[in-house]
Amino acid sequence: MNRIVIWIALILINSLAVPAQNKLPESNLKKKEFEKHLRYLASDELMGRRTGSPGNDSAAAYIARYFESLGLQPASGTDRYFQKISFGNSAPPSMASFKIGEEQYTQSDNLMVLTGEATTINTNLIFAGHGLVDEKKGWDDYSDLDVSGKVVVVYPGTIESTDPQVIFEKMSLKRRLAEERGAVGIFELYRIPFPWGFFTSYFGRPSMMLLEKNSSKSPTITYGWIKESDLSIMNSLKEGAVELSISGSHSGSTFRQVYSQNVAAVLPGTDPELKEEFVILSAHYDHVGTGKDGGGYYSEQDSIFNGARDNAMGTVALMAAAKALSKQPPKRSVLFLALTGEEIGLLGSQYYVNNPLIPLDKCIFNINTDGAGYNDITKVSVIGFGRTGTDEEVTKGAESFGLGIIPNPVPQQNLYDRSDNVSFAKAGIPAINVSPGVSDFDEVITKNYHQVTDEADTVDFKYLLKYCQTVSLITRNIANSDTKPFWKPGDKYEAAGIQLYQK
Ligand SMILES: [Zn+2]
């Protein structure tokens with residue numbers, strides 16, 4: 001053969017050979033291995049991996065050992081991959097009873113004291129608007145008020161918003177402002193369009209909060225909500241027409257410090273310049289625990305919320321990506337971040353963003369993987385699709401393993417703002433959430449979502465493998481991309497991105 005023929009033959013052989021992606025380590029991931037990891041993480045032994053529980057710690061240790069076995073470096077600032085986080089776990093008083101004016105208020109019935117040391121109160125109520133102070137906006141609901149020794153009554157939310165999220169966000173601030181001014185208690189008036197029963201069952205359970213460095217521990221003044229039967233009483237208080245007395249007591253909220261951890265490993269990139277930039281691949285490994293903590297139906301036969309789909313699947317995908325990417329690293333560096341505290345309010349990611357292990361402005365993208373389950377095993381769902389300039393990398397990653405994309409499913413559920421990706425987005429980092437294929441929140445999803453039935457035995461392991469491969473390849477594609485992702489103009493988080501990267 002002459003040289004030209006050899007050359008043509010070589011081209012033919014190459015073009016007939018298996019497609020390029022089959023040579024990537026993603027193609028060599030084995031179902032058996034990732035089935036094993038999922039079966040462990042979702043096992044009864046781990047008791048639902050609730051943040052702060054021994055099962056949660058066992059999951060973290062398992063992930064850390066896996067990172068170590070792959071030869072990944074612990075992220076600097078961690079203690080052998082662990083970023084330790086302290087949480088406060090508080091439970092409302094079991095007994096509370098107050099007489100306000102002529103009306104009796106009893107815990108759960110029409111009163112929900114959430115926090116405060118056990119106390120007996122005998123004083124007057126004083127109305128303080130929304131109970132907020134904002135110098136920039138010229139608000140001071142406490143101007144001209146002497147609340148010392150009294151119990152403050154306020155409207156929920158702010159003058160601008162009674163959105164539930166705003167109401168909940170302002171709760172601890174209102175408590176602090178009242179406490180700083182010498183009040184002995186503060187009650188918010190339950191004037192929100194949300195069933196009281198849901199409210200009391202949600203807040204009646206023990207709840208967890210982040211204990212940031214320097215934050216004080218348990219609040220001491222009485223804080224809660226009252227549901228009036230006659231709105232005119234508090235309305236007249238607002239006018240200053242009557243002086244309402246309050247007397248009664250409660251048994252005190254309980255407070256306990258617990259610890260958990262994010263697990264973080266770093267894979268350096270191969271490109272001398274691009275390795276300074278990081279892609280964060282994250283997945284929460286915590287779930288909701290057992291019994292009453294789980295928040296759903298349980299029985300004596302089964303009280304463990306195993307969280308196989310939510311989010312052992314995502315955690316296993318993170319582990320699979322760590323394996324495939326470490327075999328053949330991409331140009332940019334990758335931070336593998338297994339997060340705790342998601343189910344108790346995205347607290348692990350919130351803590352991470354407040355205490356980053358790699359400067360946030362060096363992190364160009366976040367792929368979070370978390371899901372409620374799946375009802376379409378021919379696809380993956382991508383929440384945030386179309387928003388960060390990465391659609392091509394994402395689509396190609398899925399197509400390589402025969403999967404299609406469901407862009408932004410179930411918009412009415414506002415899924416983007418309900419997983420850890422939003423913590424990174426709020427900090428300005430372009431972020432998406434990749435989840436197993438969900439087209440709709442139908443009964444296939446709700447049957448297992450946050451239920452004791454979300455067990456390993458019901459997971460489709462062939463699909464799990466494809467899912468792992470897809471998450472890994474999407475991460476690889478973005479870490480190798482010529483263009484840096486950024487928010488589409490006008491995106492909700494574009495301004496935060498401009499600020500973060502000083503664009
Ligand atoms: Zn989840």
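Both counts, for ligands and for their atoms, begin at 1 and track the order of listing.
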- In terms of ring plane angle, is the pair Y81 and F67 parallel, tilted or perpendicular, where the classes change at 30° and 60°? tilted
- Task: Assign the ring pair Y374 / Y463 to parallel, tilted or perpendicular, where the plane angle (0 to 90°) is split at 30° and 60°.
- Result: tilted
- Message: Can you confirm whether or not the ring centre of F168 sits under 6.0 Å from the ring centre of F203?
- Response: yes
- Query: So is K174 actually on top of Y223's ring, under 6.0 Å and inside 45° of the axis?
  - Reply: no
- Query: Does F365 have R332 sitting over its ring (NZ/CZ under 6.0 Å from centre, angle to axis within 45°)?
  - Reply: no
- Task: Work out how many protein N, O or S atoms lie closer to the Zn ion (ligand 1) than 2.8 Å.
- Result: 4
- Query: Using 30° and 60° as the class limits, which term best fits the ring planes of W225 and F199: parallel, tilted or perpendicular?
  - Reply: perpendicular
